[in-house]
> 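Handing you this structure, nothing more for now.
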2 protein chains.
Amino acid sequence: MAQNDTVTRILDTAEVLFAERGFAETSLRTITSKAKVNLAAVNYHFGSKKSLIQSVFARYLDPFTERFHGALDELEARYAGKTIPLEELLETMARCVLEVPAERNSLKVFMRLLGLAYSQAQGHLRRYIQEEYGGVFTRFTALIRQATPELPDAERFWRLHFMLGTVIFTLSGLDALRDIAEKDYDEHVTVRDLVRRLRPVVVAAMQAPLPAPAPAPADAQEA
Amino acid sequence: MAQNDTVTRILDTAEVLFAERGFAETSLRTITSKAKVNLAAVNYHFGSKKSLIQSVFARYLDPFTERFHGALDELEARYAGKTIPLEELLETMARCVLEVPAERNSLKVFMRLLGLAYSQAQGHLRRYIQEEYGGVFTRFTALIRQATPELPDAERFWRLHFMLGTVIFTLSGLDALRDIAEKDYDEHVTVRDLVRRLRPVVVAAMQAPLPAPAPAPADAQEA
DNA sequence: CCACGTTTGAAACAATTGTTTATAACCAGG
DNA sequence: CCTGGTTATAAACAATTGTTTCAAACGTGG
C-alpha cells in the first residue's frame with residue numbers, strides 16, 4: 001500500500017500543480033514537498049520528470065478513451081449502419097469528457113492540462129498524446145464526416161479545430177473567466193452550464209454557410 | 001544607433017524564441033547568444049526577463065491598439081450613432097489584427113505569443129495585458145453589445161470568449177495544423193485563408209439560438 | 001528469525017538559471 | 001585631447017533545477 005500511496009500522492013499533487021503553474025514552472029521539489037514524499041521518489045517511480053508528466057495525462061486519458069470507445073460502440077450499434085446525427089455525436093463526446101474526470105479530480109484540472117499540452121511549443125507532449133490516444137479521435141472524426149456530408153473535407157477539418165480551440169480555451173481558462181463572469185453578471189457558472197451554452201454554438205458553427213471562395217491571389221502573403 | 005540596434009536585435013530574437021519554445025523554456029543565454037549581444041545587455045536595457053517579455057508584447061500591442069482605436073473611430077463616424085453591424089465589427093478587428101504584424105514579423109508569432117500569454121497559468125502576464133490594453137477591448141465589446149441586442153449579456157460574454165478561443169487556438173497552433181492540413185488535403189493554407197474560413201463560423205456562432213434553460217440543480221456538481 | 005528485493009531517505013552532484021559587478025570601450029561636448 | 005556619461009564585455013554570483021548515489025528502513029517469503 002505504501003508504494004501505491006506514494007505513486008498516487010505524487011500524481012495527485014503533480015496534476016494540480018501542473019494545472020496551476022505549467023510544467024516548466026513546477027519543480028520536482030515543489031511537488032514532492034507538497035506531496036510529503038521524498039524528492040528521489042519521482043525519479044525512482046517514474047524515471048524522469050517528463051515521464052511523470054506523461055503519466056499524469058495517462059491517468060486521465062486511459063479511462064477516457066476506453067469509455068469513449070465504448071460509447072461510440074453503443075452509438076453505432078443503436079444506429080445500425082445509419083449515419084449518427086451530429087448533435088448525438090457531440091453529445092456523446094461531451095458526456096464522456098464530463099464523466100471521466102468527475103470520478104476523481106475536477107474537470108477543470110483535466111482541461112487545463114489539455115490546454116497546456118497544446119500550447120506547449122515544441123510539442124513533444126502533443127505528439128505523445130497523438131500517438132497514444134489518436135485512435136479514438138480518428139474514429140470520432142470519421143463519424144463526424146458521415147454526419148456532415150455537405151462539408152468539404154478540408155472545411156470540416158478546420159471547423160473541428162476551431163471548436164476544439166473553443167472548448168480547450170474556455171475550459172482551461174475557466175477560473176479567470178468565471179471570476180469575471182461572476183463579478184459582472186453575478187451568476188455562478190458550472191462546467192455543465194458551459195457545456196449547455198457550448199452546444200448550440202458548436203452546432204451552429206459546424207453548420208455555418210461555406211465561406212466565400214478564395215480571392216485571386218494577387219500577391220501572396222506569407223504567413 | 002548601436003544602442004537601438006542591440007535593443008531591437010534582442011526583441012527580434014526574443015519574440016521568435018518565445019513563440020517557438022515558451023517563456024520559461026527560453027533562457028536569456030539562448031536569446032543573447034542567438035542575437036549576438038552580451039548576456040548582461042538584457043538586464044541593462046530591460047531590467048529583467050519579465051520586463052523583456054512585456055516589452056515584446058508592447059511592441060506588438062502598442063501599434064495594434066492605436067490602429068484599432070483609429071479604425072473604430074472611423075467606423076463610428078461612418079455610422080454616425082447608428083448601430084454598427086456585427087459583420088462590420090468583426091471585419092474591422094480582423095483587418096487590424098492582420099495589418100499590424102504584417103509590417104514586421106509574421107502574424108504567426110504574434111498569435112503564438114497571445115496564446116502563450118493566455119495559457120500562462122498564474123497569469124501575471126494576462127493581467128499586464130489586461131491593465132495596459134484592456135481599454136480597446138472594452139470599447140469593442142460595447143459596440144458588439146449594440147450589434148447583438150438579442151443576446152443576454154452573460155451569453156454574449158461567453159460567446160465572445162468562445163470565439164477568442166477559436167482564433168487564438170487556431171492561429172497560435174497554426175504550424176502544426178497547417179502541416180496536417182497540407183498532408184491530408186494538400187492545400188497550402190495562408191492566414192488570410194483561415195480568416196476567410198473563420199468569418200462565417202464566428203458569425204454563425206454569435207447568432208446561434210440561445211441554449212435551453214438550465215435544468216433544475218438536483219445535485220450541484222463542483223467544477 | 002533471517003535474508004532479500006523493494007522502497008524510502010538525506011545528501012551530494014552537475015548543470016543551468018537570472019542577475020550583478022567591475023572593467024573596458026565608446027563617443028559625444030568642452 | 002581630454003572628459004563624462006552611456007553602452008558593451010567578461011566574469012562571477014547565488015539560487016534553483018533534474019538527477020544520482022548509497023545507506024537505512026521496510027516488508028514479505030523462506
Side-chain angles (χ1 to χ4, degrees), chain A residues 1-59 113 116-117 120-125 127-128, chain B residues 1-59 113 116-117 120-125 127-128:
Chain A
M1 188 65 72
Q3 172 215 353
N4 192 292
D5 200 45
T6 297
V7 168
T8 59
R9 203 155 54 208
I10 289 175
L11 287 172
D12 288 342
T13 313
E15 72 175 22
V16 171
L17 289 176
F18 284 153
E20 280 176 0
R21 316 142 79 127
F23 303 118
E25 294 85 352
T26 304
S27 72
L28 293 184
R29 283 171 176 80
T30 310
I31 297 174
T32 53
S33 74
K34 194 152 195 166
K36 288 207 240 298
V37 302
N38 191 270
L39 168 63
V42 169
N43 287 279
Y44 177 76
H45 285 287
F46 297 93
S48 68
K49 182 182 182 179
K50 194 156 126 184
S51 137
L52 166 64
I53 296 176
Q54 296 184 346
S55 299
V56 166
F57 275 89
R59 204 164 56 140
L113 289 175
L116 283 176
Q120 278 285 316
Q122 104 229 51
H124 70 98
L125 189 52
R127 217 171 309 124
Y128 161 78
Chain B
M1 190 64 71
Q3 172 214 355
N4 193 293
D5 200 45
T6 298
V7 168
T8 59
R9 201 155 54 208
I10 290 175
L11 286 172
D12 287 343
T13 314
E15 72 176 22
V16 171
L17 288 176
F18 285 154
E20 280 176 358
R21 318 143 78 127
F23 303 117
E25 294 84 353
T26 305
S27 73
L28 292 185
R29 282 171 176 81
T30 310
I31 296 173
T32 53
S33 74
K34 193 153 198 167
K36 289 206 238 299
V37 302
N38 189 270
L39 167 63
V42 169
N43 288 279
Y44 177 76
H45 286 287
F46 297 92
S48 68
K49 182 182 182 180
K50 194 154 124 185
S51 139
L52 166 65
I53 297 176
Q54 296 184 346
S55 299
V56 166
F57 275 90
R59 204 164 57 140
L113 289 176
L116 283 177
Q120 277 286 318
Q122 102 230 51
H124 69 97
L125 188 53
R127 220 172 305 126
Y128 161 78

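Order of the sequence lines fixes the chain letters, A, B, ..., with proteins taken first and strands second; residue numbering starts at 1 for each chain.
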> Take atom CD1 of B:Ile31 and atom P of C:dT17, then tell me their distance rounded to the nearest Å.
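Rounded to the whole Å, the gap is 11 Å.
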
> Using whole Å, report how far CG of B:Leu28 lies from C1' of D:dA8.
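Atom-to-atom, B:Leu28 to D:dA8, this comes out as 17 Å.
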
> Rounded to the Å, how far apart are A:Ile10 CD1 and C:dG9 P?
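Answer to the nearest Å: 11 Å.
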
> OP1 or OP2 of C:dT8 versus the side-chain N and O atoms of A:Thr6: is any pair under 4.0 Å?
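The answer is yes; a side-chain N or O of A:Thr6 sits under 4.0 Å from OP1 or OP2.
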
> Backbone N or O of B:Arg21 within a donor-acceptor pair of the B:Thr26 side chain at under 3.5 Å?
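Not a single qualifying donor-acceptor pair exists.
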
> In whole angstrom, give the distance that lies between atom CG of A:Leu52 and atom P of D:dT17.
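Value for this atom pair: 15 Å.
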
> Look at the side chain of A:Lys49 and decide which nucleotide, out of C:dT8, C:dT19, D:dT19, has an atom nearest to it.
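Nearest nucleotide to the side chain: D:dT19.
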
> Strictly below 4.0 Å: does B:His45 bring a side-chain N or O up to OP1 or OP2 of D:dA8?
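Answer yes for this pair, as a side-chain N or O of B:His45 is under 4.0 Å from OP1 or OP2.
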
> Report yes or no: does B:Lys34 contribute a side-chain atom to a donor-acceptor pair with the main-chain N or O of B:Ile10 at less than 3.5 Å?
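Looks like no, no N/O pair under 3.5 Å.
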
> Considering every strand and a 4.0 Å limit on heavy-atom distances, what is the contact class for A:Thr26: base, sugar-phosphate, or nothing?
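Sugar-phosphate, no base atom in range.
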
> When the distance from NZ of A:Lys50 to C1' of D:dT19 is rounded to whole Å, what number comes out?
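Going from A:Lys50 (NZ) to D:dT19 (C1'), I get 15 Å.
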
> Just N and O in the side chain of B:Ser27: are any of them under 4.0 Å from OP1 or OP2 of C:dT17?
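So the side-chain polar atoms of B:Ser27 do come within 4.0 Å of the phosphate oxygens OP1 or OP2 of C:dT17, strictly under.
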
> Detail all sub-3.5 Å separations between protein N/O atoms and N/O atoms belonging to nucleotides 20-25 of chain D.
none

> Calculate the interatomic distance between B:Arg9 atom CZ and D:dT9 atom P; express it in whole Å.
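Those two atoms, CZ and P, are 9 Å apart.
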
> Rounded to the nearest Å, what distance is computed from the CZ atom of residue B:Phe18 to the P atom of nucleotide C:dG18?
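Computing the B:Phe18:CZ to C:dG18:P distance gives 9 Å.
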
> Taking B:Arg9's backbone N and O only, do any of them form a donor-acceptor pair with B:Lys36's side chain (distance below 3.5 Å, no angle check)?
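The answer is no, because no donor-acceptor pair under 3.5 Å joins these two groups.
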
> Quick one: pull up CZ in B:Phe23 and NZ in B:Lys50 and give me the separation to the nearest 0.5 Å.
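Rounded to the nearest 0.5 Å, the CZ-NZ separation comes to 13.0 Å.
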
> Side chains of A:Ser27 and A:Thr30: is there a donor and an acceptor less than 3.5 Å apart?
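Yes, A:Thr30 and A:Ser27 have a side-chain donor paired with an acceptor closer than 3.5 Å.
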
> Can you check the A:Glu25 CD to C:dT16 P distance for me, whole Å?
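Nearest whole value for this atom pair: 19 Å.
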
> Side chain of B:Thr13, backbone of B:Ile31: donor and acceptor closer than 3.5 Å?
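No; zero donor-acceptor contacts below 3.5 Å.
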
> Nearest to the B:Arg29 side chain among D:dT7, C:dT19, D:dT19, which nucleotide is it?
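Of D:dT7, C:dT19, D:dT19, C:dT19 is nearest to the side chain of B:Arg29.
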
